[in-house]
Amino acid sequence: MANVLTDKEGKKRYLVSFTINGDEHQGLVKANTLFVNFIRDELDLTGTKRGCELGDCGSCTVLMEGKPVNACLLLAVEADGHSFTTIEGLATTNKLDLVQEKFIEYGAFQCGYCAPGMILSAKALLNSNPKPTEHEVREAISGNLCRCTGYVNVVKAILAASGQEVEH
Amino acid sequence: MYLPDFEYFAPDSIGEACQLLSQFGAKAKLISGGTDVLVKMKNELLAPEVLVSIKNLEELKKIEYVPGKGVVIGARAKHNDLVYSELLAKRYPSIPGAAKQMAHNQIRNSGTVGGNIVNAVPSADLPPILIALSATVHIVGAKGSRSLALEDVFTGPNTTCLAPDEIITEVIIPDQKMTGSTYMKFGLRAAGALAVAGVAAAVWVENGVMKDARIVMSAVGPTPMRAKKAEDFLKGKKITDELLAEAGKKAAEECKPIDDYRASAEYRRNLVSVFTKRSLRKAIDEGHV
């Protein structure tokens, strides 16, 4: 269990350490701090969005050990010892990730709020299944809601990122 | 959305977890994947003063075959651990098949088997197929442990027979004579939707005769429900399409659906009739799928 610091009012804070986008982080968190709030408010990783905050919409998707999870349903204290990727972790200094490039090329954005989660779900899919079918792509992003109804171009962008021919 | 304050413990042993649950009683809540507990806390349906997390109990994540016992699924195995389990794909693909119909990818990477059971919603997708395969659960409490048939765990919507200090540690699928099993679910969307109705069937077929059958219905009663009259009706009979259709009708008579905003009771009965027939046929023709 993480180290616990108790202040004079009896409030406990837990020392957690985890890796995010390749960087080691340590922080003091309260038991009720949600991971999505911690990374946005403390680490300025605001690419991860808060949407429904109930695990339905996927705006807060981050990769935990390479797998997409909802950061709104993860206690920061339970992030201890784990490794995460957020949308900020995909691009290198001057170069976007291929999935990001294809999202731009195929116009897979409207308002863009769902895009970080969509792109991370797509990354996780392509890492385990480099040549997915359209059905598999749709399944992989089924936990990411787009309320601008832009799924068609999102699916095309992900298929294109896998190197498959897609009608533009 | 923020959570109210609570005390947090992450014990290193099951015994310690049970002790904490026993010590804090009704003030405490067990948390595993968090996909139900945290949502309920955010919706102010639950306000525990203490959360006892079992995240450190690595031994509860296993999925393994134990000769003489059966397939053992740890309570902390995540839904996607079932979906991608090679062992289950080989022995009972119907379990990953049911797990894959739950929620969506993100939730399946967090939510756990034990959580899906103790949350005890009538529309839960895993219990029907597990009950159809005669699953038992191992339960550990502050004063000892016990084993129970999974179907006897549920006492009503959102309630189980577990004492406040008890934890389900594993689900056991015994070796069996069932030659096929499957779970079929109807939701309003293909992903991220609760079952409007679902039916799991397990069958033991020999020379075209139904030696035994277990039918379990979800979302059409206060708990996952066996369709026992339909099961008895099938036993020993030669398998025909008419027989399966008749079993479907009997199951529809037995279920106890309600009208709600997802569907009417009448519609749910129709679904049970059709899905019983179809899931039996699939299990008969295709084995464990």
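Heavy-atom basis, side chains included; hydrogens, waters and symmetry copies ignored. Each chain gets a letter, A, B and so on, in the order its sequence line appears, and its residues count up from 1.
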**Q** Is A:Cys52 in contact with chain B via its backbone, its side chain, both, or neither, using a 4.5 Å heavy-atom distance?
**A** backbone
**Q** Using only atom types and a distance under 3.5 Å, with no angle test, would you say the side chain of A:Lys67 pairs donor to acceptor with the backbone of B:Asn80?
**A** no
**Q** For B:Tyr8 versus A:Tyr14, what's the shortest heavy-atom pair and its separation?
**A** O-OH, 3.3 Å
**Q** Once rounded to the nearest 0.5 Å, what's the spacing between atom CG of B:Leu51 and atom CD of A:Glu78?
**A** 8.5 Å
**Q** Apply side-chain contact (heavy atoms from CB on, under 4.5 Å) to B:Met1 and A:Leu34, showing your working.
**A** CA-CA 9 Å; B:Met1 217 178 276; A:Leu34 291 161; 5.6 Å; no
**Q** Walk me through whether A:Asn32 and B:Tyr2 qualify under side-chain contact (heavy atoms from CB on, under 4.5 Å).
**A** CA-CA 8 Å; A:Asn32 63 351; B:Tyr2 293 85; over 6 Å; no
**Q** How about B:Glu86: does its CD atom have over 12 heavy atoms from other parts shown lying under 6.0 Å from it?
**A** no
**Q** May I have the step-by-step check of side-chain contact (heavy atoms from CB on, under 4.5 Å) for B:Lys78 and A:Val69, ending in yes or no?
**A** CA-CA 12 Å; B:Lys78 296 181 169 155; A:Val69 299; over 6 Å; no
**Q** Is B:Arg278 atom CZ crowded by more than 12 heavy atoms from other residues, nucleotides or ligands, each under 6.0 Å away?
**A** no
**Q** Give, as side chain, backbone, both or neither, the part of A:Arg50 having an atom under 4.5 angstrom from any heavy atom of chain B.
**A** side chain
**Q** So how far is it from B:Phe6 CZ to A:Lys12 NZ, rounded to the nearest 0.5 Å?
**A** 12.0 Å
**Q** Taking every non-hydrogen pair under 4.5 Å, which of A:Leu145, A:Ile141, A:Asn144, A:Leu74 racks up the most with chain B?
**A** A:Asn144
**Q** CG/A:Asp56 to NE2/B:His104 distance, rounded to the nearest 0.5 angstrom?
**A** 6.0 Å
**Q** Take a 6.0 Å sphere around NZ of A:Lys49 and say whether it holds more than 12 heavy atoms from other residues, nucleotides or ligands.
**A** yes
**Q** CD/B:Gln106 to SG/A:Cys72 distance, rounded to the nearest 0.5 angstrom?
**A** 10.0 Å
**Q** How far does CG of A:Leu63 sit from CG of B:Asn109, to the nearest 0.5 angstrom?
**A** 9.5 Å
**Q** Does the pair B:Thr35 and A:Asn70 meet the rule for a side-chain contact (heavy atoms from CB on, under 4.5 Å), with working shown?
**A** CA-CA 9 Å; B:Thr35 55; A:Asn70 292 316; over 6 Å; no
**Q** Testing A:Thr33, A:Asn37, A:Leu75 one by one against B:Leu3 for a side chain to side chain contact (heavy atoms under 4.5 Å, CB included), which residue passes?
**A** A:Leu75
**Q** Which residues from residues 103-129 of chain A are near chain B, with near meaning under 4.5 Å between non-hydrogen atoms?
**A** A:Ser121
**Q** Does A:Lys95 have more than 12 heavy atoms from other residues, nucleotides or ligands lying within 6.0 Å of its NZ?
**A** no
**Q** Looking only at non-hydrogen atoms, find the nearest pair between A:Glu139 and B:Lys100 and report the distance.
**A** OE1-NZ, 3.3 Å
**Q** Tell me which of these, A:Thr61, A:Val36, A:Leu54, has more heavy-atom pairs under 4.5 Å with chain B than the rest.
**A** A:Leu54
**Q** Could you have a look at A:Ala31, A:Pro68, A:Ser142 and say which one has the most heavy-atom pairs with chain B under 4.5 angstrom?
**A** A:Pro68
**Q** Which one, B:Gly34, B:Gly33, B:Ser110, B:Ser53, leads in non-hydrogen pairs under 4.5 Å with chain A?
**A** B:Ser53
